Protein chains: 2
Amino acid sequence: MKKYTIKDIALLAGVSKGTVDRVIHKRGKVSEKALKKVNKILDEIDYQPNILARSLKNNKIYSIHVILPDPEIDPYWIPCKLGIEEAFSEYKSLGVSIETFLFDPTNNQSFSEINDKVLQLNPDAVLIAPLFFNEAIKAFNAYKETEILVTTINNRVGDDNVNNFVGQDLVQSGKIAARLLEMITPDNSEIIIAHLDEFFLNASFMQQKEKGFRDYFDTNTNNSYKLKTCHSIESNQYKTLIDVIKTTKDISAIFVTTSKVYKVAEILSNFPELKIKVIGYDLLDKNIELLKNRQIDFLIHQNPRQQIYLGLSQLAEYFIFDKPVSKEKLLPIDIINSENFSSYLNQ
Amino acid sequence: MKKYTIKDIALLAGVSKGTVDRVIHKRGKVSEKALKKVNKILDEIDYQPNILARSLKNNKIYSIHVILPDPEIDPYWIPCKLGIEEAFSEYKSLGVSIETFLFDPTNNQSFSEINDKVLQLNPDAVLIAPLFFNEAIKAFNAYKETEILVTTINNRVGDDNVNNFVGQDLVQSGKIAARLLEMITPDNSEIIIAHLDEFFLNASFMQQKEKGFRDYFDTNTNNSYKLKTCHSIESNQYKTLIDVIKTTKDISAIFVTTSKVYKVAEILSNFPELKIKVIGYDLLDKNIELLKNRQIDFLIHQNPRQQIYLGLSQLAEYFIFDKPVSKEKLLPIDIINSENFSSYLNQ
DNA sequence: TGTATTTGTGTGTTCGAGCACATTTTTATT
DNA sequence: AATAAAAATGTGCTCGAACACACAAATACA
């Protein structure tokens, strides 16, 4: 395995390295004859430019700004910090700077303000968790005009101005929940779909999960579960959900579309006579505790840390090594139970 | 965020870059006075050597040899090809050469022969799937003497001569299977633990899975499942297993400790009156087909492709960027059902 | 005090790609 | 044919780390 350099090619083709360089980069100013000679050699050998040398020469500092919900307000985002740190420590010596900006996930205006601020700072790329649909679209357009690369994570916001998405297929994740519940609950029973603390007024991800969940039962089985959707919020002490639990007969399971599934498990501990299966999202400490105690049966892992890390590393390697950024990177949808959660915690 | 170079430090400390270099690499030949000056600057700033420049200067070719079971004989190893190709295309331009050597997984002598051959070729590192315990230990010692780095994947072979292991906790994976079956089978029923085609005489990984499986029921529940172990081989048309199925009353599930779980599902299709749950390992095409048809209920994903890729990339980055190799990298243990398998296939 | 010897310090080259600039060759114009 | 203009080609420097080697300063020994 010989590593060819531009110098080697120049020697083989009987031209100078400048000419080889011009051929490779199609910079023109090369005679027909020289072009042929160089291309002949390039066809014969497998030339791999040394990306170390290339990026050493490049020697720029690239700035990536990360726009995330404040993890103090929504703990789902806590693991992101680790993902960012990991990416930073890996790429900082290669000239990548990463800065984080937090917004209030209960407040769409806060999201817009942060985006305006970042726009002013004019980074090379932004990585955004686009919780608010309309505001996100607006921001994307602004970034496009300033030629700032945009990567989104967590939830898809279909828009051509986004160069890259890293996350999961949320419809499919609803189907996974449905299949799991189908296996552990009796036919003909009642299943509640609970949307908790839906402060994201124009957020669609809960709806996508519900869609997948319902689709599964509509198309995949001849079972006849009765599905009921329930919206419930903390400021109301989840009264709506508690009422549904009290008044509905024969509930076999509750599918919680967010990481707030621990709230449901806590509520259900007040009804020990009911044997209700619980499935929800994400490896929050509280959720894991309840999973261990069998008060939650399954969790689906959305892996925010991995999402951030992959998004950042794709951007970094695009800048440094010129690697192409995939338009869409769909992460696996992990099923978590009391026995395998630990294997995901230190990834 | 300023990127400091050796030249910067030299300027700040009022010495030459040669002196800075000697301080950083503790090469001696530096006066007390100069040492102090340089260290003072190093304390003040966060110097990150440019690894691109460093490895460009290094400019060596590193060879890694991969020793794997022939995927033609055991299809479990088919995805490894992709993992190797991925790693190769990522690191070839950085001077890493990867070569694959296949052995017959039904023949421990073949394993030893391949190791002897690789030892002769004297690569910088080897990555081995150490199916055969005794032969593996012998090989490790030989590699250690020649100062060849050894990384193992798939199954742990406790040995100090191994620098690095990438794989799963197989005992834990048995527990996961147990917990899943506990959720979908009735108490007091009979569960069969099936070891299929156990041609690896001194292989322990099936035993590890069985241990985890039994441990779970012994310690975690007050259920009283009856567990029965069954060894069965293809050359006997799996008669042993078929007999157990025919003669045992009240079988609720079969836990297959290998990727040959499709064989069990096929056998069970001859007993349509029995409602037996099936759980096993790995995303073979056949297994996925049966998972879709609900003839297999769960699969546990051992992710051989990821194991190889990570093992190779750790070695490559150790050589190129001097990144430390972790002694043990435990991968997550993925639970697969009919709805989430596809999200793992194109990873 | 002068000459070895040790110890310390700085300079210059290398790695490979990329690009600016100088130089040479070819083509166009009078 | 002479000159200007354009096109093609080659040279040499840069990026940052690493290290060989030349040179300088300090110490040892006659």
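Sequence lines set the chain letters: A, B, ... in the order given, protein chains first and strands last, and positions in each chain run from 1. On a predicted model such as this, the values are computed, not experimentally measured, just so you know.
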ask   = Are A:Asn58 and C:dG18 close enough that a side-chain N or O sits under 4.0 Å from OP1 or OP2?
value = no

query = Do NZ/NE/NH1/NH2 and the carboxylate oxygens of A:Lys117 and A:Glu113 come within less than 4.0 Å?
reply = no

key: Carboxylate-amine/guanidinium contact A:Glu85 A:Lys92, below 4.0 Å   = no

ask   = For DNA chain D, what residues of residues 10-21 of chain B have any heavy atom nearer than 4.0 Å?
value = B:Lys17, B:Asp21

key: Those residues of residues 32-55 of chain A lying under 4.0 Å from DNA chain D by at least one heavy atom   = A:Ala34

ask   = Does a side-chain N-to-carboxylate-O contact under 4.0 Å join B:Arg27 and B:Asp21?
value = yes

ask   = Considering only D:dA18, D:dC15, C:dG16, which nucleotide approaches the side chain of B:Leu56 most closely?
value = C:dG16

ask   = Closest to the B:Lys57 side chain: D:dT9, C:dG16, C:dT14?
value = C:dT14

request  = Could you tell me which non-hydrogen atom of A:Leu52 sits nearest to which non-hydrogen atom of B:Ser55, and how far apart they are?
outcome  = CD1-CB, 3.6 Å

query = Between A:His65 and A:Phe101, how do the two ring planes meet: parallel, tilted or perpendicular, split at 30° and 60°?
reply = tilted

What's touching nucleotides 21-24 of chain C from the protein side, N or O pairs under 3.5 Å?
none

key: Neighbour count above 12 (heavy atom, 6.0 Å) for B:Lys327 NZ   = yes

message = Can you see whether A:Asn122 engages A:Tyr143 through a side-chain donor-acceptor pair at a distance of less than 3.5 angstrom?
response = no

message = Please determine whether a side-chain nitrogen or oxygen atom of B:Ser31 lies at a distance below 4.0 Å from atom OP1 or OP2 of C:dT7.
response = no

query = Are any of the side-chain nitrogens in A:Glu32 or A:Lys36 under 4.0 Å away from the carboxylate oxygens of its partner?
reply = no

task = Give B:Ile6 one of three labels, base, sugar-phosphate or nothing, depending on what nucleic acid heavy atoms sit under 4.0 Å from its own.
result = sugar-phosphate

query = Between B:Lys138 and B:Phe140, is NZ or CZ placed under 6.0 angstrom from the six-membered ring centre and within 45° of the ring axis?
reply = no

ask   = Got a salt bridge between A:Lys2 and A:Asp8, using NZ or NE/NH1/NH2 to carboxylate O under 4.0 Å?
value = yes

